[in-house]
Amino acid sequence: MSTDLVNDQALEAEVKAWLAEHWKPEALVTGEGFGRHPQQAFMTKVVEARWAVPTWPKAWWGRDLAPAQAKIIERAFAAVGAPGAGQDKSNLWANTAMAHATPAFKETIVPALLSGAVGMCLLYSEPGAGSDLAAVRTRADRRGDNYIINGQKVWTSGAAVADYGMLIARTDWDVPKHKGISFFFLPMKQTGIEVRPLRQVTNEAQFNEVFITDAIVSAENLLGPLNGGWGVLQTALAYERSVMGDAARGPRSGKDNPKGDGALIELAREAGRLNDPVIRQELAQVTAYKVLNRLNNARAKADMAQGTSSAIMSLGKLAMSRILHEEARLRTKLLGAASLLEGPDHPRAEDANFLSLNAYFTSIGGGTDQIQRNIIGERVLGLPKEPEIDREMPFRDVRSG
Amino acid sequence: MSTDLVNDQALEAEVKAWLAEHWKPEALVTGEGFGRHPQQAFMTKVVEARWAVPTWPKAWWGRDLAPAQAKIIERAFAAVGAPGAGQDKSNLWANTAMAHATPAFKETIVPALLSGAVGMCLLYSEPGAGSDLAAVRTRADRRGDNYIINGQKVWTSGAAVADYGMLIARTDWDVPKHKGISFFFLPMKQTGIEVRPLRQVTNEAQFNEVFITDAIVSAENLLGPLNGGWGVLQTALAYERSVMGDAARGPRSGKDNPKGDGALIELAREAGRLNDPVIRQELAQVTAYKVLNRLNNARAKADMAQGTSSAIMSLGKLAMSRILHEEARLRTKLLGAASLLEGPDHPRAEDANFLSLNAYFTSIGGGTDQIQRNIIGERVLGLPKEPEIDREMPFRDVRSG
Amino acid sequence: MSGVSSDELMAFVESLHRLLKDHSSEVEVRRLSQTPEGFDPKTWQALSALGVTGLIIDQDHGGLGAGPVELERVMEAVGASLLCAPLLSSAVLAPALLQALGNPEAKARLLPGLADGSRIATVAVTGPLGGWVAEHVAVEAKHSDNTWHLNGQASFVTHAQVADTVLVVAKTSAGLAVFEIEAKAKGVNICALPTFDHTLRMAEMEFANAPARRIESQRPVWDAVQEALNLALIALAGEQAGGARHVLDMTVDYVKNRYQFGRAIGSFQAVKHMATDLLMESESCTSAARYAAEALAANQADAPQSISLAAFACADAFCQITATSIQMHGGIAFTWAHPAHLYLRRARADAQLFGPPDYHRERYVQQLGG
Amino acid sequence: MSGVSSDELMAFVESLHRLLKDHSSEVEVRRLSQTPEGFDPKTWQALSALGVTGLIIDQDHGGLGAGPVELERVMEAVGASLLCAPLLSSAVLAPALLQALGNPEAKARLLPGLADGSRIATVAVTGPLGGWVAEHVAVEAKHSDNTWHLNGQASFVTHAQVADTVLVVAKTSAGLAVFEIEAKAKGVNICALPTFDHTLRMAEMEFANAPARRIESQRPVWDAVQEALNLALIALAGEQAGGARHVLDMTVDYVKNRYQFGRAIGSFQAVKHMATDLLMESESCTSAARYAAEALAANQADAPQSISLAAFACADAFCQITATSIQMHGGIAFTWAHPAHLYLRRARADAQLFGPPDYHRERYVQQLGG
């Protein structure tokens, strides 16, 4: 029996014993916390016991474990439904801080992030910087030991409850756009920060606009080098992409929807349209889009498990955009005149109409389909980039709006 | 009664009398002549009688007539089926020469072109200059009173029978690409010009490759200023677009095809597929594409008749591309397994398969659909151009291939 | 206005555009979207004063006596401005049906009020199944004691909740007939339906032994209903063409002025080519709507198929243009505050109002002999 | 090769790729396209030596005993190289049918020759109507004087003109049965059909009282035919996936190296986005083909719908990719000399060979419970 195996077994025993002692399954509360965790007391114990980020160094709440060993811990937590493990892979905020914050700031912020003690939000997009994030015009001006922040951010979820926002702001206007951006952990609970809910096309408000007027952030909260924020953002975005699944929501009417590959067929049966040969062709096609995306993702995961990188992974968001728009179109067609309606008394119509609008969450949000096609074409197929006319010019000369 | 009206009536009487004397209807021969006309003797009389280009100046085979008066002549010719009138609108070659040739060259070439005495071809495209015509690398080097031409042209119809080719060639390599091109009437019947038929994807050869090695053209045959060929080309292309309808061919099997808006429906009936609701939806949609394009064109013509320019006109080629590809797809679907076949014993399959390939004649030839969308977006909708990285650099530094 | 010159028509449409600019701004559309009535009586009066409510009503009854060509152009303006008003119901469907039935007494009694806007009417045809076919009529009329009484249900009735008078297509033992009933009559229950297009008003009607007046017809009733529906389809096609063009213009304007990566986004091929494809759809939509109107006006043999073609081509074009417009605007059009979704909602409603595109495609094939 | 490791499979496919590089170059494909036989006997021998002709034939009869997973991967290589050979007929359809019928005598007599490539066989199912359904079978078998005789017509028979043996599905008074007949037997007339895909050979067969040997089946004959067709559909899906990927790679390579306007055309969004969309189709095609093979190999409950899904998804993907490839190449691909159209022809043929995509979509809905 190898030493490794002995160690693994000891580790498994240790984590199981710890969980048996500390985890009360009935305590589980779920809910979107934007970084803040409902089981903070338990989470703090997880961090102190070094289960949260076992692949990190021992000096920083970790155990220097290999990923395969970390898996043992994650599996043990998953087996009893306990939260808090595997944050070395999943915690966007803590990973970003760990990688780029100053040692002093790390000491305070990282355990708070790992234990879910602070709420977080992302202050990236601006009205004038959507597809082109590097065009941010929110400014950070040095004053003594602080930076003074002014500007406007948008599409911020969780802003109202956040303690910190991960902010990109411009600190040098006389260099090309990518080279004058810095990355901050901005304290949100201060005057100078106004959060306004942003009403969406679906008549909901999951996002906010954030108006920032002379807000203050300590220079200690700067992540990475001054004017090196673009690089920090790239690693943060990479974490985000690897962590966040597709966030698109399904039907919202509350009425049960059929599940599985036959779901659309059941909806057609319910609508009395299943015998229509035209509908049947479309049922096959839209179902195929969904199944093919699942098969592609499974193949991508198998490739990655074998260590080969997969070109397919990046297609998922684009595929999902087509699935959502096409499913909405087909659901509308199944309903016919009934799709004119909405509201709780007309749940199928409510769902079809909601999905028709909410599909844009995926086809626009997080990079439009068009930007996504650029990225895939360039990074996966190796096609050359377009000429970028603003890449080398001082940002203050770049036309934007 | 106005003087104008009196003059019009006199004109009408004159042209009718002339035709009665000179035109023998039984002499009509048709056929694609690439500039050369089968009724050359009659055409010569038309030119001498100044019926060919009545809106041109009296000094140049014309009568200085207004377009409305020219119409009288065209109508009279059309009424008896005589060729040769209206060339001030329709003769690409003669109009180009008239606008840009030296007076001396005009004296000889224009009457030859008007009377159909010479065959013509277009030497524009090159293997390395397709969408990007301004990237031509065929060179014209001055030697004494001549230019020496070297290079390769492609997609040239009529090259084998042509007496002259309208050629664009590079005369200055050290200026930006649009500014170093000159336009020539190149004599085709000389050593140094080799014409090879180009076999198309449809297994036909309507085009040629033209290999030019030390061919000679007199400096007298230069049209427009030296290095001003791009401008000459633009007027020639504008004539070409206004004259040439859509050149896409219909089915080639020789078997009769149903006509009219119900044509596809008849094909479906013949194939035994008319009762299939899926087919019926597609019959409606493809027929709609055809009818809508006709309605658009009619509206464009009505707009232009009222003197307002029409945005719609330029959509025709793009619309035709969709029509051809979609009709080919639908015809294939109507046939099912029978579409596996080809040849004279399987005319419907021959047609469906031919149309599937020949649709690219329209979606690629004369500017791809993609280039066409650029042009419409920029010229009709007024959208800004892309940055053109090679617009201002010396042509010899431009990467091509 | 019958036999108007195209200059006169242009001047009329120009006046309407000015009226709509004042009375149907985006702010006003959003305000009316939240009211139960969904229209402004003052605007309705202004439309009447201009002649829009009486546009297709003959001059003997106080209207302008215009035809499909004029109606289509007027509706282009209506579609562009997202006007909230019961025009389709009270200025198209109801007077068209009355004129098609050809009953002089009913015309004399009802048309003047429709023309001057003092009476709002609509037509109830389909039942809960929602198809614009005779088989979906779900109201029955019985004759007893010298009176007709209606029982059953009509659904997807446009603007019924604001109508004074409803023309109800109902089954009798001798086939279909049209009945006139006041919205407030006893035995009539009108229940507003919540619509995804907030600029549209629509209701379900229940009839419980409701006394109604029969309007005798000079011709088969379903033929008359078809004639009214044909005019409504042309009006709808005009609305779609006008809306589509407006959204295209708004979108092209945006992509010319929105800069990302240092360039107007309209300079990127992905955006530029989407715009070009939308131009094709918009122009085709306009051509289809106008041609259908011309063909009907001239009583051409191809009028029926031209109306079906317009019905599906314009519905699809308006939907595609409004949907792609949101994508081309990006995040800004995902907000409630941006008008793009208002047009998408209208487009989705228009595509269903008198039968979905697939239904009209099927009809088109039949009309072409298939 | 049953139960092969994935490393062994990769090595086998790698050997096949090398073989095809030598034996199925573009020049060779074009040469064979013009011959009546449409394949090269030497290449056929090389394929046999490698084990490809006996791939799915059990080891007792001289084959490798491989399953759907291996077949699919092999066909990816075949599709990429446009191999001209009667593989689908003689290495898939015929042995699959023989194995599905389960007649030991017939297997022992025929399979070794198929495995070593000395005998070429095919299967005749459909008649002139061309559908792969029992109702389209148009050959009748009659028993008299201790012999079966065939009469009627089979059409769209792949590679019949180069086959030694044809397995004919025919109607008898007691239902369908399979008959073995030599191509040169009396009463058999084989007439080559001119195919749009010049790499494909196909013929029409006429039977005029042709004596044939009946192959008794251990199970319902149409079930056995379905089983053979399922394997053929997986083989075809593999061919489509391999062809699609090859054309995508070829196209991406071209647009990286073709310069217009001073830029590689692949840097233009119009071209780049087309390439991205094709990548999506190509990856989906591969996933569908491989999953169908895995599901069948593991006898999963979802194997039937997975095969139908692969049938239409791969057909559409290969057609779309080859069609868009021509557009992306521009003028050069409009020439006979460029290989793009060779793949388009193969894609259009593959999309029809065992039923068009619409047919498989309809089956898919049925299999999902609709």
Side-chain angles (χ1 to χ4, degrees), chain A residues 125 127-132 134-135 154-155 177 198-205 207 272 276 278-279 325 329 332-333 335-346 349-350 352-353 356-357 359-361 363-365 368-371 373-374 386 388-391 393 397-401, chain C residues 126 128-132 136 155-156 158 191 193-198 200 202 204 257-265 267-271 273-274 319 323 326-338 340-342 344-345 348-359 361-362:
Chain A
S125 297
S131 297
D132 182 14
V154 74
W155 301 118
K177 63 180 186 173
L198 182 61
R199 193 175 177 191
Q200 296 151 222
V201 71
T202 53
N203 207 357
E204 302 166 312
F207 298 101
D276 180 338
V278 179
I279 294 290
H325 281 286
R329 198 188 52 68
T332 303
K333 199 165 179 177
L335 294 174
S339 73
L340 286 159
L341 309 179
E342 68 174 7
D345 293 341
H346 308 282
E350 171 76 9
N353 286 317
S356 296
L357 291 171
Y360 293 99
F361 179 89
S363 64
I364 292 174
T368 63
D369 285 356
Q370 288 67 42
I371 294 285
R373 286 194 179 91
N374 276 357
E386 288 193 276
E388 292 171 89
I389 60 169
D390 63 340
R391 193 164 186 94
M393 69 171 71
D397 299 335
V398 172
R399 180 145 181 205
S400 66
Chain C
T126 190
L129 289 175
W132 294 83
H136 283 197
S155 199
F156 305 104
T158 52
C191 179
L193 288 166
T195 47
F196 177 66
D197 173 11
H198 299 171
L200 174 69
M202 182 169 261
E204 205 166 54
N257 293 295
R258 167 76 172 174
Y259 278 70
Q260 294 280 274
F261 307 101
R263 294 160 57 178
I265 62 171
S267 71
F268 288 99
Q269 284 188 333
V271 175
H273 293 190
M274 282 197 276
C319 283
I326 294 183
Q327 185 69 26
M328 290 171 72
H329 278 87
I332 187 76
F334 196 66
T335 66
W336 189 266
H338 194 275
H341 73 105
L342 305 180
L344 177 70
R345 289 168 188 265
R348 285 171 62 84
D350 284 357
Q352 298 293 344
L353 266 189
F354 305 118
D358 279 16
Y359 165 74
R361 265 189 285 273
E362 172 58 36

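Just so you know, these numbers use all the heavy atoms, side chains as well, and skip hydrogens, waters and symmetry mates. Please read these numbers as outputs of a predicted model, since none were measured by experiment. Proteins get letters first, then strands, A, B, ... in listed order; numbering begins at 1 in each.
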Could you verify whether a donor N or O on one side chain and an acceptor N or O on the other, from A:Q200 and C:H341, lie under 3.5 Å apart?
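Note: A:Q200 and C:H341 side chains miss the donor-acceptor criterion.
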Applying side-chain contact (heavy atoms from CB on, under 4.5 Å) to C:F268 and A:Q370, what does each step give before you reach the verdict?
CA-CA 10 Å; C:F268 288 99; A:Q370 288 67 42; over 6 Å; no
Taking the side chain from [X] and the backbone from [Y], do they hold a donor-acceptor pair closer than 3.5 Å?
X      : Y      : answer
C:Q260 : A:G130 : yes
C:Y259 : A:G128 : no
C:Q352 : A:L340 : no

What part of [X] is in contact with chain C, defined as an atom under 4.5 angstrom from a non-hydrogen atom: side chain, backbone, both or neither?
X      : answer
A:L357 : both
A:T332 : both
A:L198 : side chain
A:D345 : neither
A:V154 : neither

Atom of C:F334, atom of A:F361 and distance for their closest heavy-atom approach:
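The pair with the smallest heavy-atom distance is CE1-N, 3.7 Å.
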Given heavy-atom pairs under 4.5 angstrom as the criterion, report whether the side chain, backbone, both or neither of [X] touches chain A.
X      : answer
C:A264 : neither
C:I265 : neither
C:H198 : side chain

From C:T195 OG1 over to A:E342 CD, what is the distance, rounded to the nearest 0.5 angstrom?
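Those atoms lie 6.5 Å apart.
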